[in-house]
There are 2 protein chains.
Amino acid sequence: MKKKSNVTLKEIAKILGFSISTVSRALRDHVDISDETKAIVEQKAKELNYMPNMFAQGFRSSRMHIIGVVVPKLSHYFTSTMIEGILDYAETKGYRVIVSESKNSVEKQNQMLNTMLQFNVDGILLSLTRKTANVQDILNILDRKPLVLFDKVMSKIPCTQIIIDGKQAAYNAIEHLINIGKRRIAIFKETENSFNSEQRFEGYLKALKDYNIPIDEKLIFSTEDISLEKGEQLAQIAITLKQRPDAIFAITDSCAIGAIKILNKNNIKIPEEIAVVGFSNSAHSTIIEPNLSTINQPGHLIGKTALKYLIEEIETDNNNDFQSSKTVEIKSSLIVRDSSFIV
Amino acid sequence: MKKKSNVTLKEIAKILGFSISTVSRALRDHVDISDETKAIVEQKAKELNYMPNMFAQGFRSSRMHIIGVVVPKLSHYFTSTMIEGILDYAETKGYRVIVSESKNSVEKQNQMLNTMLQFNVDGILLSLTRKTANVQDILNILDRKPLVLFDKVMSKIPCTQIIIDGKQAAYNAIEHLINIGKRRIAIFKETENSFNSEQRFEGYLKALKDYNIPIDEKLIFSTEDISLEKGEQLAQIAITLKQRPDAIFAITDSCAIGAIKILNKNNIKIPEEIAVVGFSNSAHSTIIEPNLSTINQPGHLIGKTALKYLIEEIETDNNNDFQSSKTVEIKSSLIVRDSSFIV
DNA sequence: AAAAAGCCCGCAAACGTTTGCGGCAACGTT
DNA sequence: AACGTTGCCGCAAACGTTTGCGGGCTTTTT
């Protein structure tokens, strides 16, 4: 196909009778160029719809003001709120953002990280795929670019990490259930414990302990896949227990919604007979009846905070490689809805 | 901060005693380079973790095998299915994809389109923002890069367009409602008619006409914002009509779900008293009770088809600018669930 | 034996910006 | 009048690839 080719600095320079460097500087508002010249150049550039060649710029400069973001799953509601926080903050700081997803595959994650290196991003924000075990690949990235982990993290990796205080969040949820009179509180959790999952489980255990409620192993349900379907399956099992739970805490909303569906099907009154609390305030949580109580994680704030720390690291020009890394824990809040509301 | 700098062809060439062009050709499997040399170079490149400078490559080459995609809203479920189709097909054809969203703002759409030009993408897939009126900006893009419109389109723009046969889809939905005995079928639609919205409305009108059902203006509800909340509001009004509808067809799932919520609240039996059908098979459609009947649009196929036509246009090397554009209509299907299931 | 062809490698130009540094004219100071 | 400074512009190198084309050696053909 035949399309118009792009206007270059050379053409503008030729038309106006300036040199290429004068035109380049004029368009970048350089102090060496007179206001008169700047105005002339800018007008002609606009008229010709001049657009700088990004590759030539990237080739010549080492800093492109691009941030790379890699997340396990883009369509996950909570992830999209974090990305929104990143994008909003990036805009205020004059950075562009490239987002890609690793589809919870370590191989894809590495591919995406390498793509970010190829784009010569200034820094990388990474939410780890659940199956990340070998951190060497991540350390290799850390050698080359500033990196901040957010949401799904790993303490082995020596860099700044922005997380939800999952332990406290789970603790609050269990405390709330106890406060409305529940004592046999089940947890639906992951079999293979990620860092986040472990934290939530710890919060569950601690809350029970603090309120002198004995831990019943039968109430601890584990599944590989914290999905709606699994939530249904686990709920089906839970309600057949001789001493069944009077509350369910699921570490994802999908799982919690699956549980609600089964309880509804079995005409079990929510929250009177069994209360349900989920985690992460998905869009579905207000669709399901009764509406789901859930941990609200301030995704926008997490995203913004992650980028803030990354930019701070990018723009800190020191030769000391031993930059202290931090773990920043962000508070969440419990939204009490009908699924656990008892007066 | 201090990070390792990237290895270049020059360094590899120096270490191995070859020239830069030999190393470059070896890594690109060029016919002029012997197998022995290729093996030596590839091994050393891997050892040194060589990564080509994307900017240098882009600078030197005119074709980067990158596709730009601009959509109104990324988190919209249906959009994500189309993007998945695009990404999957791109992978098989060896293209990379840059996705951005215009947030239903014409200004942002133009910004994103210009960003795509700056990235020197080979071609652009665009789903128009609803408020697009002035097509000159799009025509300017069309002058410079191959462009295919998909999902939200505009017949004024002379390029290939991939769409759902919305008219037929709506027709099928209305026909289904008629076939289960419904006669007073309301439609919840947009006030400001986009092309897609118009098509669905036409399908609604045509189906009523074909089945000799008089059109009742009172059953045509329009709203600026086809959201869950608006769906609730319109449903609230609909059920107070002297002669209320016995079915509701909403042109989005969100709207339909809002309607269901209100009907549930008012103890109106779905679908016996009032049946409900939505459009686009969102994730919510199986969460709401009763589960929602809805038009399933094959997003994956739309995305794949759009990219297929675009790549065809990119890779057609002819000097004839008058390339015929086509409109490709893709069929949808109606998923009948509990909200309109009557035996 | 000589010429032609093929194989394998290297030279250096090119892409479009950015930028260090230099040149020239005008102005100010001594 | 001479010298120094400032303002404003231009020259050309640099960035790291790709690639057209040429050279030298070996092999094949006449």
Side-chain angles (χ1 to χ4, degrees), chain A residues 3-42 44-45 48-66 96 114 117-122 144, chain B residues 3-42 44-45 48-66 96 114 117-122 144:
Chain A
K3 300 287 187 182
K4 279 178 183 170
S5 51
N6 288 336
V7 166
T8 65
L9 293 177
K10 194 176 182 180
E11 287 167 59
I12 296 175
K14 198 168 182 180
I15 291 168
L16 295 177
F18 289 119
S19 72
I20 292 170
S21 58
T22 297
V23 174
S24 174
R25 288 192 164 99
L27 291 174
R28 282 181 297 107
D29 210 20
H30 199 277
V31 69
D32 275 3
I33 309 298
S34 72
D35 285 345
E36 189 194 342
T37 299
K38 282 172 183 171
I40 294 168
V41 170
E42 276 158 13
K44 181 61 70 177
L48 298 177
N49 201 10
Y50 166 74
M51 199 168 298
N53 183 320
M54 216 197 80
F55 292 107
Q57 279 187 328
F59 182 33
R60 189 55 187 77
S61 304
S62 57
R63 289 279 309 276
M64 288 301 294
H65 281 77
I66 301 177
R96 285 194 272 202
N114 276 341
L117 293 184
Q118 286 185 338
F119 272 79
N120 202 27
V121 298
D122 295 355
R144 296 159 165 270
Chain B
K3 300 286 186 182
K4 278 177 184 172
S5 51
N6 288 334
V7 167
T8 65
L9 293 178
K10 191 176 184 181
E11 286 166 60
I12 296 175
K14 198 167 182 181
I15 291 168
L16 294 179
F18 288 118
S19 72
I20 291 170
S21 57
T22 298
V23 175
S24 174
R25 286 194 167 97
L27 291 175
R28 282 181 295 105
D29 210 21
H30 198 278
V31 70
D32 274 3
I33 308 299
S34 71
D35 287 343
E36 189 194 341
T37 300
K38 283 172 182 171
I40 294 169
V41 171
E42 277 158 13
K44 182 60 70 177
L48 298 176
N49 203 10
Y50 166 73
M51 200 167 301
N53 183 320
M54 215 196 82
F55 292 106
Q57 281 187 325
F59 181 35
R60 188 56 187 75
S61 304
S62 57
R63 289 277 309 275
M64 288 301 295
H65 281 76
I66 302 178
R96 286 195 271 203
N114 275 340
L117 293 185
Q118 287 184 338
F119 272 80
N120 202 27
V121 298
D122 295 355
R144 296 158 165 269

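Both backbone and side-chain heavy atoms feed into the values below; hydrogens, waters and symmetry mates do not. To find a chain, count down the sequence lines: A is the first, B the second, and so on, and within it residues start at 1.
Near DNA chain C, meaning a heavy atom under 4.0 Å from it, residues 14-23 of chain A has A:Ile20, A:Ser21 in order of number. Less than 4.0 Å separates DNA chain D from at least one heavy atom of each of the following residues of residues 24-33 of chain B: B:Ser24, B:Arg25, B:Arg28.
Listed by chain and number, the residues in a side-chain hydrogen bond (donor to acceptor under 3.5 Å, both in side chains) with B:Arg28 are B:Ser24 (sequence neighbours excluded). Residues passing the side-chain hydrogen bond (donor to acceptor under 3.5 Å, both in side chains) test with A:Asn6, sequence neighbours excluded: B:Arg144. Remark: B:Ile15 pairs with B:Lys44, B:Leu48 by the side-chain contact (heavy atoms from CB on, under 4.5 Å) rule, at least two apart or across chains. By the side-chain contact (heavy atoms from CB on, under 4.5 Å) test, B:Ser34 pairs with B:Glu36, B:Thr37, sequence neighbours left out. In this structure A:His65 satisfies the ring-ring contact (aromatic ring centres under 6.0 Å, His included) test together with A:Tyr95, sequence neighbours excluded. Here A:Arg25 pairs with nothing under the side-chain hydrogen bond (donor to acceptor under 3.5 Å, both in side chains) rule; sequence neighbours left out.
Bracketed by its first and final contacts, the part of DNA chain C lying under 4.0 Å from non-hydrogen atoms of chain B reaches from C:dC8 to C:dG16 in 5' to 3' order.
Identified under the salt bridge (Lys or Arg N to Asp or Glu O under 4.0 Å) test for residues 6-15 of chain B, with sequence neighbours left out: none.
To the nearest 0.5 angstrom, A:Asp35 atom CG is 11.0 Å from A:Ile40 atom CD1. Atom CD1 of residue B:Ile33 and atom OG1 of residue B:Thr22 lie 4.5 Å apart, to the nearest 0.5 angstrom. Remark: B:Phe119 CZ to A:Arg96 CZ distance equals 5.5 Å, nearest 0.5 Å.
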Just do the side chain to side chain contact (heavy atoms under 4.5 Å, CB included) check on B:Asn120 and B:Ile66 with the steps written out, would you? CA-CA 8 Å; B:Asn120 202 27; B:Ile66 302 178; over 6 Å; no
Show me the donor-acceptor pairs within less than 3.5 Å that the side chains of residues 50-59 of chain B make with the rest of the protein, sequence neighbours left out.
| unit_1 | atom_1 | unit_2 | atom_2 | d |
| --- | --- | --- | --- | --- |
| B:Asn53 | OD1 | B:Phe55 | N | 2.8 |
| B:Asn53 | OD1 | B:Ala56 | N | 3.0 |

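Comparing the helix axis at one end of the helix from C:dA1-D:dT30 to C:dT30-D:dA1 with that at the other, each defined from 5 consecutive pairs, gives an inter-axis angle of 50° (nearest 10°).
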